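Worksheet for the structure shown next.
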There are 2 protein chains.
Amino acid sequence: MSEKQLSGIKEIARIAGVSIGTVDRVLHNRGSVSPGALKKIQAAIAQINYQPNFIARSLVVNKMYRFAAIVPDADGDEYWEQILKGFTAALEDWNHFSITVDLYQFKLNSKTSFTRAASLALKSLPDGIVITPQFYQESIAFFDKCFKLGMPYVTFNTYMPEAKGLSFIGTDSHLSGMVAADLLYMGMAPNSKMIVLHFDEELQNSKHMLEKEDGFRAYFKKSPKNNQQIKTIVLNNPSHNYQKELKKLASSNEVDGLFVSTSKAYEIASLINTGKEKRIKIVGYDLLPKNIELMQRGAIDFLINQNPMQQARMSITALANYFILKKKVIPLQFFPIEIISRYNLSSYLNNDTHLLNEVIP
Amino acid sequence: MSEKQLSGIKEIARIAGVSIGTVDRVLHNRGSVSPGALKKIQAAIAQINYQPNFIARSLVVNKMYRFAAIVPDADGDEYWEQILKGFTAALEDWNHFSITVDLYQFKLNSKTSFTRAASLALKSLPDGIVITPQFYQESIAFFDKCFKLGMPYVTFNTYMPEAKGLSFIGTDSHLSGMVAADLLYMGMAPNSKMIVLHFDEELQNSKHMLEKEDGFRAYFKKSPKNNQQIKTIVLNNPSHNYQKELKKLASSNEVDGLFVSTSKAYEIASLINTGKEKRIKIVGYDLLPKNIELMQRGAIDFLINQNPMQQARMSITALANYFILKKKVIPLQFFPIEIISRYNLSSYLNNDTHLLNEVIP
DNA sequence: ATTAGATTTGTGTACGTACACACAAATTTA
DNA sequence: TAAATTTGTGTGTACGTACACAAATCTAAT
């Protein structure tokens with residue numbers, strides 16, 4: 001047996017001929033290090049290509065961290081429920097550390113509610129914030145306040161280039177719109193009729209929905225065979241009127257394909273692809289229970305998985321990495337755009353293996 | 001500030017009124033614990049729902065582990081190169097631990113070579129083995145030997161229900177064949193002609209290729225409109241003959257769609273979808289550089305991502321979890337079947353975010 | 001040359017776990 | 001009943017890192 005192999009900070013200390021305390025001061029630039037020692041230590045660090053051991057580090061740092069999450073009121077909406085589940089999952093991931101996530105929820109259709117939640121969150125002075133920036137102007141204002149306070153934040157779900165936070169985590173909406181167009185168009189006649197369907201009362205503020213539509217339309221502009229008729233419909237309040245309208249639309253020859261820009265494809269699919277009328281191809285978003293069921297029944301053709309749960313989970317993880325492990329956080333984390341059909345669906349359900357074992361550290 | 005909060009093994013000891021040494025003996029059933037103490041400790045463990053801290057554990061145990069990998073000779077084949085890269089990635093993941101992976105490679109078309117590699121690996125008496133069980137009978141024999149030796153092993157890439165190892169990691173081939181069929185058939189005329197194309201000299205032994213074909217055909221059997229003509233072609237040795245044949249096939253009206261059961265779709269796509277002849281739809285496997293390029297040029301329609309690199313990476317991780325962290329290893333880890341088209345392709349390249357940060361603890 | 005003050009460096013303890021070892025108590029053997 | 005053995009229990013050290021504090025060294029003013 002050879003000498004006991006030192007590693008890490010101790011090995012640096014040995015090579016540089018100083019104590020680990022001095023090495024530690026260099027690694028954390030705490031100062032109080034003589035130029036000579038500094039140089040020797042830096043050389044040693046380079047020499048052994050030192051990589052900090054996050055495992056050991058995490059064992060030491062044991063402060064309490066309080067995070068605030070500014071997200072919509074789920075209010076029965078499964079998409080936002082999944083986001084909440086993501087927070088729970090993250091808390092379990094990090095169960096050996098003391099972190100808490102306080103929810104500051106707002107009404108999806110109310111800017112003032114959003115602003116109120118945001119400022120309440122800020123006022124509580126958490127260590128860090130995760131936020132879905134639903135409203136453009138209001139979010140800008142929020143980021144500004146954070147900047148002034150030096151408050152670290154992570155955005156997710158809705159991408160805003162203006163949000164210069166620690167990280168954004170979510171989908172490339174524009175690209176996902178193109179993918180959707182491709183899936184919808186596939187196998188259709190060149191001059192078929194398509195509808196882009198938005199569920200929203202405040203479309204103007206939901207940037208990512210507009211981006212999805214942009215991507216969708218961009219696909220056909222690029223394509224040489226661009227004689228598709230694309231119509232946009234915005235559903236404001238789900239009254240009984242639109243059901244009739246849609247049914248009529250479906251039975252007439254007015255629609256061949258439907259692109260639903262939100263996770264509510266099931267609302268439409270349950271109305272129109274019931275089997276008697278002409279089959280309309282539908283592409284939507286997200287593996288929500290109702291979407292899954294309708295896809296299994298053949299009423300929805302494709303879903304693009306935005307993975308809301310993982311988005312939320314990773315948002316918290318980003319903060320935790322930043323604070324607890326002091327790891328570098330990737331500033332832009334676009335998820336792969338997962339195409340789900342009736343056939344690969346099952347392989348995505350209850351399957352986190354693509355998340356390689358544990359999330360942390 | 002309240003009392004310093006104990007946690008883990010210490011807290012158990014406090015509640016049970018014993019020392020941590022005794023708790024430790026219970027947790028690892030090392031014996032030498034009185035019935036009374038045992039009972040109290042078990043109660044305490046249940047009470048606080050103790051979850052071992054793998055982080056702290058990994059810090060302590062610092063043995064050297066030597067793993068053997070029985071995999072094909074890459075020999076320029078990008079698929080197997082990726083597998084090797086996966087091992088490298090795993091070694092980096094676990095760089096704070098002492099693990100090594102010794103390669104025992106065999107020729108893809110030689111059973112004897114496989115058997116030799118396997119027994120060499122076994123003879124080296126590693127701590128654990130990862131293996132792609134390419135040949136059925138020979139693999140069975142190998143598992144048998146492992147069992148007798150008490151040698152832990154992980155299989156990947158090719159699923160064998162008979163392999164009762166620690167874990168299998170890979171794709172559900174049958175299901176992937178169905179997905180492929182669905183993608184290929186989409187938008188095609190009901191009576192279109194399809195070809196299943198295998199690249200293999202020993203098809204009989206490549207179970208997962210047969211399973212892919214089975215899945216592919218099963219898709220059409222289920223479907224009510226099952227008047228497709230499906231032909232199977234096996235390409236043995238890539239001579240110049242088959243190029244001519246395929247070209248002729250392509251320009252004639254004999255083929256509408258092509259399902260390539262291996263990762264070599266590029267070999268065909270580069271021949272037949274060059275732009276002049278009739279366009280043939282192609283579905284293949286894996287994001288290899290050549291496939292990526294041909295997909296970007298529009299010559300390949302869909303790829304199913306089997307993620308060879310992640311398979312290899314997770315195989316090693318499974319062993320490491322088992323030995324180092326003493327975590328439970330999931331015995332069956334089917335990857336989600338990732339559908340890649342020209343449009344979502346970019347979101348899969350250079351993107352490991354779906355692997356949530358780091359692999360390990 | 002002495003000493004106060006500032007600067008630099010080293011040491012000790014802790015994090016949660018594993019394991020070797022020491023030692024007391026209980027039990028068996030002579 | 002003393003000695004030898006077994007059984008049960010607690011203590012100490014280590015893993016790699018962070019940080020508080022003590023110790024050592026250097027600087028400058030007397």
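Predicted model only: the values in this text are computed from it and were never measured. Chain letters run A, B, ... following the sequence lines, proteins first, then strands; residues in each count from 1.
Within residues 15-33 of chain A, the residues approaching DNA chain D are A:Asp24, A:His28, A:Arg30, by heavy-atom distance under 4.0 Å.
Within the structure, a side-chain polar atom (N or O) of A:Lys10 is placed less than 4.0 Å from OP1 or OP2 of D:dC15. Listed pair B:Ser34 / D:dT7 fails the phosphate criterion, with no side-chain N or O lying under 4.0 Å from OP1 or OP2.
A:Lys63 has its NZ atom 14 Å from the C1' atom of C:dC15, to the nearest Å. Separating the CZ atom of A:Phe323 from the P atom of D:dA18 is a distance of 17 Å, rounded to the nearest angstrom. The nearest whole Å value for the distance from the CG atom in A:Asn53 to the C1' atom in D:dG16 is 6 Å. Atom CD1 in A:Ile45 sits roughly 15 Å away from atom C1' in D:dG16 (whole-Å rounding). For A:Phe97 and D:dT17, the CZ to P distance is 15 Å, given to the nearest whole Å. If you take CZ of B:Arg57 and C1' of C:dC15, they are 16 Å apart, rounded to a whole angstrom. The distance between atom CD1 of B:Ile12 and atom P of C:dG16, rounded to the nearest whole Å, is 12 Å. Atom CD1 of A:Ile55 and atom C1' of C:dT17 are 13 Å apart (whole Å).
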Q. Where do A:Ser124 and A:Tyr104 land on the side-chain hydrogen bond (donor to acceptor under 3.5 Å, both in side chains) test, with the steps shown first?
A. CA-CA 10 Å; A:Ser124 78; A:Tyr104 292 87; 3.2 Å; yes
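For the pair B:Gln311 (side chain) and B:Gln306 (backbone), a donor-acceptor distance under 3.5 Å is present. Proximity of a side-chain donor or acceptor of A:Arg66 to a complementary backbone N or O of A:Leu125 within less than 3.5 Å is detected.
Heavy-atom neighbours of B:Lys326 NZ from other residues, nucleotides or ligands within 6.0 Å: above the threshold of 12.
Side-chain atoms of A:Leu59 lie closest to C:dG16 of the nucleotides C:dT17, C:dG16, C:dA14.
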For residues 43-53 of chain B, tabulate all N or O donor-acceptor pairs below 3.5 Å that involve a side-chain atom, not counting sequence neighbours.
unit_1	atom_1	unit_2	atom_2	d
B:Asn53	OD1	B:Ile55	N	3.0
B:Asn53	OD1	B:Ala56	N	3.3

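Here the rule is side-chain contact (heavy atoms from CB on, under 4.5 Å) with A:Leu319, and of A:Leu166, A:Asp127, A:Ile129, A:Ile99 only A:Leu166 fits it.
Annotation: salt bridge (Lys or Arg N to Asp or Glu O under 4.0 Å) contacts of A:Lys85 (sequence neighbours excluded): A:Glu78.
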